[in-house]
Enquirer: 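Shown below is the structure under consideration.
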Amino acid sequence: MSERKVRVRFAPSPTGPLHIGGVRTALFNYLFAKKHGGDFILRIEDTDQARYVPGAENYIQESLEWCGIKIDEGPKNGGPFAPYRQSERKDLYRQYAEQLIASGHAYYAFDTSEELDMARTQAEAKGETFTYNALSRQAMKNSLSLSEEVSNVILNASTHYVIRFKMPDNEDVTEVDLIRGSVTFNTATLDDKVLFKSDGMPTYHLANVVDDHLMQITHVIRGEEWLPSMPLHVLLYRAFGWESTMPRFTHLPLILKPEGKGKLSKRDGDKLGFPVFPLLWNDPATGESSRGYREDGYFKEAFINMLALLGWNPGTEQELFSMEELGQIFSLERVGKSGARFDPEKTKWFNHQYFIQKSDEELAQLFLVELQNKGVEAPLALAIKVCGMVKERCNFVSEIWDQSYFFFQAPTAYDEKIIAKRWKDDVPVLMENIAVFFETLKAWNPAEIKEPFSNFVTEKEWNFGTIMNALRLCLVGGGFGPDIFEICETIGKQETISRIRMAIRQIQ
RNA sequence: GGCCCGUUCGUCUACCGGUUAGGACAUCAGGUUUUCAUCCUGGAAAUAGGAGUUCGAUUCUCCUACGGGCUACCA
């Protein structure tokens with residue numbers, strides 16, 4: 001059993017965009033596979049046609065691709081266990097459900113949803129919860145409570161029946177969870193879960209176990225919301241006689257809201273202003289769109305790095321990891337047990353780290369696209385130079401413009417606060433003197449502007465801070481930006497002088 | 001309600017019986033930047049509570065509290 005090649009799967013259901021919790025589950029599966037030289041399988045669990053959302057599967061596929069999570073087998077690239085979409089495997093499940101009936105592990109149930117609702121309401125009235133189990137199943141309509149003849153009559157007359165698992169009466173089921181240790185459930189607290197629905201489709205439980213077995217999955221790594229169904233799944237493996245090749249189970253802690261109670265939801269992102277999804281999602285039903293990390297300007301490396309460290313840590317103080325590195329050092333033992341609150345601020349920090357690691361050229365290419373969208377024409381060389389000057393103060397490509405627009409155009413407005421602070425009554429005259437002085441300069445580069453400029457200001461006995469800050473206001477329109485002489489050089493002598501005179505005219 | 005899982009600075013977490021309980025984000029204070037940001041230095045900041053076990057508990061056990069998940073012919 002330990003000889004088997006590691007095979008893991010990510011098995012989302014295409015009911016909407018994959019949220020970051022799902023991406024993290026996929027990531028941990030992928031990293032586990034990489035670490036052990038195994039395979040990563042994508043399986044689409046579309047057994048609920050009512051909740052099927054067009055485009056969702058494609059979204060999932062594209063999200064994983066953007067993240068750099070490579071799929072070894074899946075609906076798009078195929079593989080030896082195709083198909084990888086459960087709707088296309090539909091015909092296969094019935095025989096397994098019937099096998100369970102034949103072996104006495106399952107039975108037909110004929111109760112209508114109205115009858116079940118009634119049973120629930122009645123129980124509720126008595127302050128109890130209705131459970132379809134060993135205690136109640138004799139009172140319900142099924143092939144266990146009814147005679148074989150009656151059952152067969154119903155079976156032949158209608159297709160409206162389900163197949164339920166015959167949950168043992170009172171039995172402890174213990175199974176090891178790789179990050180939590182051994183967990184025990186008593187079957188008396190569990191119910192007779194539906195395995196096969198009246199629409200001819202299997203439920204998650206049946207399809208999941210059958211496919212994991214058929215696809216030779218060795219490790220099931222999924223969200224903590226599945227922990228309560230682990231005993232059912234274990235019992236199914238036993239009932240099928242597959243216990244010797246049953247996968248090991250691991251349940252990942254959930255991602256919680258940044259503030260308040262509960263698990264992270266789409267609403268939190270809207271409210272707090274951060275994406276909850278990897279990619280932009282346009283809902284085909286409501287027409288609503290949700291922001292994505294990719295479109296918000298996050299680098300995938302930063303996104304992955306952030307996700308990897310949410311619930312997992314390497315045990316060292318290193319925080320920056322490439323996908324490659326993660327694939328070498330990831331281990332399930334180092335995944336935490338408790339839910340992790342999501343921190344959008346830290347994600348920005350990660351992005352900054354990757355942002356400043358990028359070369360000026362790489363950033364310039366991205367920045368050029370932004371410039372184009374703004375209708376600004378600029379040579380690559382200038383974009384590279386500008387990126388080099390301002391990258392330290394940005395987290396995103398979209399922030400470069402705000403830090404550097406003055407390299408491409410004269411300021412159209414002047415920051416009121418800076419005017420109040422730096423533009424005293426005597427400043428216009430001083431600035432005109434500076435403009436005249438600049439006209440006399442021959443050389444125009446930072447060093448050869450700075451030296452004569454300093455001498456000039458010193459000679460005049462003007463206050464340095466006054467001059468420098470006012471000059472910055474003239475050239476930039478605000479009180480920020482890179483070295484002032486670098487700016488002078490980059491925009492050119494004529495433009496520098498013209499901006500000074502324009503500011504004198506415009507600032508009141 | 002029942003079942004299961006969890007609980008270390010505000011947040012993510014390290015320390016798998018002996019530490020001045022470490023790091024990162026955020027925050028605060030200095031410094032650099034004749035600007036802003038970056039950056040550098042420093043500060044404040046935690047073992048949920050109570051019983052055990054032990055020479056010694058953040059670490060092991062139990063109870064309580066709190067948090068989370070599940071409790072569908074959804075996954």
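No hydrogens, no waters, no symmetry mates; every other heavy atom, side chains included, goes into these values. To find a chain, count down the sequence lines: A is the first, B the second, and so on, and within it residues start at 1.
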Enquirer: Once you apply a heavy-atom cut-off of 4.0 Å, does R222(A) come out as touching a base, just sugar-phosphate, or nothing?
Expert: nothing
Enquirer: Tell me the partner of A44(B), counting only Watson-Crick (N1-N3 plus N6-O4 or O6-N4) or G-U wobble (N1-O2 and O6-N3) with both under 3.5 Å; none if nothing fits.
Expert: none
Enquirer: If you look at every strand shown and take non-hydrogen atoms under 4.0 Å, does R180(A) touch a base, only sugar-phosphate, or nothing?
Expert: sugar-phosphate
Enquirer: Students often get this wrong, so: under 4.0 angstrom with heavy atoms, is S198(A) touching a base, only sugar-phosphate, or nothing?
Expert: base
Enquirer: How is P231(A) classified with respect to the nucleic acid when contacts are heavy atoms under 4.0 Å: base, sugar-phosphate, or nothing?
Expert: nothing
Enquirer: Using a 4.0 Å heavy-atom cut-off across all strands, classify K261(A) as base, sugar-phosphate, or nothing.
Expert: sugar-phosphate
Enquirer: Touch check for G127(A), heavy atoms < 4.0 angstrom, all strands: base, sugar-phosphate only, or nothing?
Expert: nothing
Enquirer: Which nucleotide, in any strand shown, forms a Watson-Crick or G-U wobble pair with U7(B), with both distances under 3.5 Å?
Expert: A65(B)
Enquirer: Would you be so kind as to tabulate the donor-acceptor pairs closer than 3.5 Å made by side chains of residues 462-488 of chain A, with sequence neighbours excluded?
Expert:
residue: N463(A); atom: OD1; partner: G465(A); partner atom: N; Å: 2.8
residue: N463(A); atom: OD1; partner: T466(A); partner atom: N; Å: 2.9
residue: N463(A); atom: OD1; partner: T466(A); partner atom: OG1; Å: 3.1
residue: N469(A); atom: ND2; partner: G465(A); partner atom: O; Å: 2.8
residue: R472(A); atom: NH1; partner: F480(A); partner atom: O; Å: 2.8
residue: R472(A); atom: NH1; partner: G481(A); partner atom: O; Å: 3.3
residue: R472(A); atom: NH1; partner: P482(A); partner atom: O; Å: 3.1
residue: R472(A); atom: NH2; partner: P482(A); partner atom: O; Å: 3.0
residue: D483(A); atom: OD2; partner: F485(A); partner atom: N; Å: 3.0
residue: D483(A); atom: OD2; partner: E486(A); partner atom: N; Å: 3.1

Enquirer: When all nucleic acid strands are considered with a 4.0 Å heavy-atom cut-off, which category describes Y204(A): base, sugar-phosphate, or nothing?
Expert: base
Enquirer: Would D211(A) and Y93(A) count as having a side-chain donor-acceptor pair, cut-off 3.5 Å?
Expert: yes
Enquirer: Give one of base, sugar-phosphate or nothing for V162(A), where a contact means two heavy atoms less than 4.0 Å apart.
Expert: base
Enquirer: If you measure from the Lys or Arg side-chain nitrogens to the Asp or Glu carboxylate oxygens, is any gap between K450(A) and E448(A) under 4.0 Å?
Expert: no
